[in-house]
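Chain letters run A, B, ... following the sequence lines, proteins first and then strands; every chain starts at 1.
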Amino acid sequence: MTGADENYDPRTIQDKWQSRWEELKPFAASEDPGDERPRKYALDMFPYPSGDLHMGHAEAFAIGDVIARYWFQKGYNVLHPIGWDSFGLPAENAAIKRNSHPADWTYTNIDTQAESFKRYAIAFDWSRRLHTSDPEYYRWNQWLFLRFYERGLAYRKGGQVNWCPQDQTVLANEQVKDGHCERCGAVVEKRVLTQWYFKITEYADRLLADMKGLEWPERVLLMQRNWIGRSEGADVAFQIEGRDDPITVYTTRPDTLYGATFFVVAADAPLADEICAPEQRAEFEAYRDAVRRESEIERLSADREKTGVFLGRHAVNPVNGERIPVWASDYVLAEYGHGAIMAVPAHDQRDLDFARKFALPVRVVVQTGQPDPAETGVATPGEGELVNSGPLNGLAKSSAIPRIVEVLEEKGLGKAAVNYRLRDWLISRQRFWGTPIPIIHCDACGEVPVPDDQLPVRLPDDLRGADLAPKGVSPLAAAADWVNVACPKCGGPATRDTDTMDTFVDSSWYFLRYCSPGYADGPFDAEKVRRWMPADQYTGGVEHAILHLLYARFFTKVLYDMGMVDFTEPFKRLVNQGQVILNGSAMSKSTGNLVDLGEQIAEYGVDAVRLTMLFSGPPEDDIDWADMSPSGSVKFLARAFRVAADVTSVPGADPATGDIELRKVTHRTIDEVTRLVEAHRYNVVIARMMELTSAARKAIDTGAGAADPAVREAAETLTVLLSLIAPYTAEEMWERLGGVAPAAKAGWPTAEPSLLVQESVTCVVQVAGKVRDRLEVSPDIAGADLERLALDSEKVRAALGDQGVRKVIVRAPKIVNIVPA
RNA sequence: GGGGCCGUAGCCCAACCGGCCGAGGCACACGGUUUAGGUCCGUGACAGUGUGGGUUCGAGUCCCACCGGCCCCA
């Protein structure tokens, strides 16, 4: 053991206390209805069982554990559960490789992680453990799906979807990052498929509005806001020559309608195909096929040449009757808005690029004072007076928009509209290790929900190895015995839906299940949920800023509308931890840039690893393990431990008779640490504990002595504060001090106000902003008195010389600044 | 391209409403303890807050621009 002390041996105390805690079960939440203690719910994002715990887990769970342990010490009734997000692809890939069932790999890893969590001393209530891959859990996924279905919130539609060629499944929009699969990094393709969706778009406004009350990191809220992407504008109907129905476009700038000089349809939208004139068809089809071969990344890249083809048709601008050409291009997305836009090249850069490429007219309708876009190639999206715009001339944007909307509404050619970037959540997956979608397809009856009393629809357990290999359709499709069933409605031959649900469905409500994990009459016991939810603190990685956190908020709102919960937001406060990196880059098995958690624990002990994680900086900052010193943590723990071990007074010694200076340090530390813990400033918490340790050490060696009751008070305080971070060390210290185990529930100390007041403070006296003197004054000194004292100071007079005084700024009792004339 | 966050000793990081830049740690140097020590106790040195402006009696903190890094959206 590095830095080990003959008296402080982390390994021995770990073994000793881990088994004692198993007996004591100190962290079980009480469900006694007569338990009147305030309740707190400390929630951690549950892990995926991808092997043993790693450094990232160690950081995240150490952070979540501090607040849970703080609440235990405060005497609250704390719910701090653990479970596993145990459906998902890696298990399936492992099963294919090993010719086994995904459950084998999954549950082995879960057991490994559970043992590691116990070793790592996270204060969990182990009785509530759940696994989303258990039929008892996923049956409620299916039950919830059916309730969503009944409410029209789960539906099937055909359309263009994201397809990951590596994982051989579709992905939700949220799972595509810069055109790559968020999981495996493969370049995502487009396919046209019929899939299941959850109608999250119906909740877009509420997802936005309810963010107000959340104590979440601002950047997470910002990301969600951006993702939802609400914009206000107008729908405008354009007649297309030779087509009966007009085409509606959405625009955020209806004020520029008079500047629309052409019309663009997404090349890959069915609309383009439909309206293409016969003489342009060959050219169009060649272009469209090329577009379809393009990757998302190519289409997204900003600085590429615009491409497109004229469709041989014209649209009619509804306000001025002007004929404008209709083009097809790939810079308009089929899935956004209505798949078509009006192009105003003067005031939109993409439209301008396109206009210049194909020599289309550019008409300025907003006088921005900028040079002519047609000349410069730089669009002018800014504000200004409208010109060339009929009745809008002379108006500013803010008055032109309502005016043009009014005009359009009168003519029945448009209306004010709100648009969202958010798309419905695609939940079908063509993979095995997930929740089967509880729908049966019958030729006669169509989509038939599996009746509730037939849930769960269990996964077949005889598929293994190669049976699970991705083939582009769900492996379940090959399980004939499983697929072919009688229609629940007509009894005729029918087949099960063979897709499984996105595993983000599982994690959208697991925090509710924790409140009543064994409940058999529904996904959760509403009464229990009312007691514990919403979670007081949620701890986890920022990588879920959009995905999981948005979905969980959506589920909560649906459940609220169903009357199943009485709150609309699941997580009051959110803490995002940073990443643990090494030498400036992410840890990764493939590059060998890796630190093994087990090895760190073996070398330094659990407490030192936890302490190092928390001491490294604010929770949300990345930790470069190369910059950290776990051996320094061991040294501090040994130092704290020796303070407790050196105490010679007996338990219960009256601290009031002890050394007053040390007592002040102790109580100031209590006061500050309490505030700092609540503000998640754990690195500063540790710095304060180090100071208290030094003060106690000094008192023992060269001050009041080891027998002084103030030393005992300091040591006991230190022990309880330390128990949030280094639970093993704290337990052992507590025992040495004669306390009753567990130290984890010894009770949070209270600072005595009388020990916090200072009888004098140092007041800085500045002349022209430079410090010239310091005065020891009473903290409640009057401003006028302080000013007199400062002006009387010898040093101040010397600094002033023969200059007069123009002004004196007094901030009693801290500072006086004298401004010379 | 748009939006956001960040930049403090060699390194990791503190600094409430603008008010003495330095709490804590690592590394370093020195002294003491010690049979020894990679232990323990103590002491010390090192920065003026990325750069340039502005506001202010006073700016790490507020405003503007630039440089560098990270994130989100296109």
Side-chain angles (χ1 to χ4, degrees), chain A residues 1-8 173 177-179 217-229 231 296-297 299-303 331 333 336 348-350 353 378-379 381 421-422 542-543 545-546 576 578-579 581 584 611-618 620-636 638-639 642 646 668-669 672 675-676 679 681-694 697-698 700-702 761-775 805-821:
Chain A
M1 267 292 164
T2 307
D5 185 87
E6 59 203 88
N7 295 310
Y8 176 69
N173 278 3
K177 267 201 140 129
D178 295 330
E218 199 48 51
R219 61 182 184 138
V220 174
L221 296 175
L222 186 70
M223 278 192 246
Q224 291 214 351
R225 245 176 242 124
N226 287 344
W227 187 261
I228 294 167
S231 68
E296 186 86 347
I297 327 176
R299 286 184 65 163
L300 284 174
S301 93
D303 50 347
Y331 83 94
L333 298 173
Y336 186 77
D348 181 285
Q349 191 61 48
R350 289 162 306 173
D353 293 343
V378 178
R421 221 186 65 86
L422 182 71
V542 72
E543 64 273 18
I546 297 172
N576 286 133
Q579 305 257 287
I581 62 173
L611 183 83
T612 305
M613 292 285 181
L614 295 165
F615 188 48
S616 70
E620 58 276 13
D621 284 10
D622 287 351
I623 301 174
D624 193 327
W625 198 251
D627 293 335
M628 294 300 118
S629 172
S631 63
S633 299
V634 178
K635 267 165 65 176
F636 164 64
R639 199 165 138 86
R642 279 195 306 274
D646 286 352
R668 247 199 325 272
T669 305
E672 276 196 80
R675 282 205 322 271
L676 290 164
R681 309 284 307 284
Y682 308 138
N683 54 329
V684 191
V685 164
I686 293 166
R688 296 293 166 267
M689 296 192 321
M690 288 171 167
E691 290 176 291
L692 178 58
T693 306
S694 292
R697 179 81 264 148
K698 207 168 174 181
I700 293 168
D701 290 348
T702 60
V761 294
T762 305
C763 175
V764 173
V765 185
Q766 298 177 329
V767 176
K770 286 203 173 70
V771 180
R772 297 299 186 182
D773 199 4
R774 289 157 203 275
L775 305 170
V805 173
R806 196 177 74 189
K807 197 173 173 187
V808 182
I809 290 107
V810 182
R811 292 283 179 274
K814 293 171 70 178
I815 197 160
V816 176
N817 190 15
I818 298 164
V819 188

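- Atom CZ of A:R806 is surrounded by 12 or fewer heavy atoms from other residues, nucleotides or ligands within 6.0 Å.
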Exercise. A:I815 and A:Q766: side-chain contact (heavy atoms from CB on, under 4.5 Å), yes or no, with the steps?
Worked result: CA-CA 8 Å; A:I815 197 160; A:Q766 298 177 329; 3.7 Å; yes
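- In this entry the distance linking CG of A:D621 with P of B:G69 reads 19 Å, nearest Å.
- A:M628 comes within 4.0 angstrom of the backbone, heavy atoms only, and of no base.
- B:C11 and B:C46: their C1' atoms are spaced 13 Å apart (whole Å).
- Nearest-nucleotide positions on RNA chain B place A:V684 closer to the 5' end than the other of A:V684 and A:D701.
- Nearest nucleotide to the A:L222 side chain, out of B:C13, B:G25, B:G4: B:G4.
- Taking 90° from 0 as the syn/anti boundary, the base of B:G48 is oriented syn.
- Checking B:C20, B:C73, B:C26 against every side-chain atom of A:N226, the shortest atom distance belongs to B:C73.
- Residue-level contact check: A:V764 touches the bases, meaning some heavy atom is under 4.0 Å from a base atom.
- Nucleotide B:U51 has B:A65 as its partner under the Watson-Crick or G-U criteria, with both atom distances under 3.5 Å.
- Proximity note for A:R688 (side chain, C-beta onward) versus B:C12, B:C57, B:A14: the nearest is B:A14.
- Distances were taken from every side-chain heavy atom of A:T762 (C-beta onward) to each of B:C13, B:C20, B:C72; the shortest belongs to B:C20.
- Here A:I546 lies in heavy-atom contact (under 4.0 Å) with sugar-phosphate atoms only.
- When each of B:C16, B:C72, B:G24 is scored by its nearest atom to the side-chain atoms of A:M223, the top-ranked nucleotide is B:C72.
- Nucleotides B:A65 and B:C57, compared at atom C1', are 26 Å apart to the nearest Å.
- Judged by closest nucleotide on RNA chain B, A:S629 is the one of A:I818 and A:S629 placed further toward the 5' end.
- Computed from coordinates, the A:L611 CG to B:G24 P distance equals 16 Å when rounded to whole Å.
- For the OP1/OP2 pair of B:C41 and a distance below 4.0 Å, the side-chain nitrogens and oxygens of A:K698 include no atom meeting the criterion.
- Atom P of B:C66 sits at a distance of 42 Å from the matching atom of B:A27, rounded to the whole Å.
- Among the nucleotides B:C13, B:C41, B:G24, the one closest to any side-chain atom of A:R697 is B:C41.
- For A:K814, the side-chain atoms get nearest to B:C16 when compared with the rest of B:C26, B:C16, B:C57.
- Here, B:G24 and B:G31 have their P atoms 24 Å apart, quoted to the whole Å.
- Using a 4.0 Å heavy-atom cutoff across all strands shown, A:N817 reaches at least one base atom of the nucleic acid.
- Across all strands shown, B:G42 is found opposite B:C30 as a Watson-Crick or G-U wobble partner, with both distances under 3.5 Å.
- At the phosphate of B:C41, OP1 or OP2 sits under 4.0 Å from a side-chain N or O atom of A:R642.
- Between the CD atom of A:E691 and the C1' atom of B:G24 there is a distance of 6 Å, given to the nearest Å.
- Taking atom P on both nucleotides, B:G3 is separated from B:G10 by 35 Å, rounded to a whole Å.
- Between the C1' atom of B:A14 and the CE atom of A:M690 lies a distance of 13 Å, rounded to the nearest Å.
- Rounding to the nearest 0.5 Å places CD of A:Q224 at 10.0 Å from CG of A:L422.
- None of A:V767, A:V764, A:V765, A:V816 except one satisfies the side-chain contact (heavy atoms from CB on, under 4.5 Å) rule with A:D773; the exception is A:V765.
- In this structure, CG of A:L614 is placed 14 Å from C1' of B:C12, rounded to the nearest angstrom.
- The main-chain N or O of A:Q579 is found under 3.5 Å from a side-chain atom of A:D622 such that the two form a donor-acceptor pair.
- To the nearest angstrom, P of B:C20 lies 6 Å from CD1 of A:I815.
- The side-chain heavy atoms of A:Y682 and A:M613, taken from C-beta on, include no pair separated by under 4.5 Å.
- Between A:D622 atom CG and B:G7 atom C1' the separation is 15 Å, expressed in whole Å.
- A distance of about 32 Å separates the P atoms of B:A23 and B:C64, rounded to the whole Å.
- Looking at heavy-atom distances under 4.0 Å, A:R639 makes contact with sugar-phosphate atoms alone, never a base.
- As a whole-Å value, the separation of A:L676 CG from B:G24 P is 15 Å.
- For A:K807, a side-chain nitrogen or oxygen approaches OP1 or OP2 of B:C57 to under 4.0 Å.
- Checking B:C70 for Watson-Crick or G-U wobble geometry (two distances, each under 3.5 Å) identifies B:G4 as its partner.
- Checked against B:C57, B:A14, B:A27, the side chain of A:R681 finds its nearest nucleotide in B:A14.
- Inter-residue side-chain proximity for A:I818 and A:R772 is flagged as unmet; no heavy-atom pair is nearer than 4.5 Å.
- Counting any heavy atom pair closer than 4.0 Å across all strands shown, A:R811 reaches a base atom.
- For A:Q766, the side-chain atoms get nearest to B:G19 when compared with the rest of B:G19, B:A23, B:C11.
- Atom CD of A:Q349 sits about 4.5 Å away from atom CG of A:D353, to the nearest 0.5 Å.
- B:U34 sits 15 Å from B:C41 when the P atoms are compared, rounded to a whole Å.
- The shortest heavy-atom contact between A:P630 and A:T612 is CA-OG1, 3.4 Å.
- In terms of phosphate contacts, A:N683 brings no side-chain nitrogen or oxygen within less than 4.0 Å of OP1 or OP2 of B:C12.
- When the C1' atom is used for both B:U49 and B:A14, the distance is 13 Å, rounded to whole Å.
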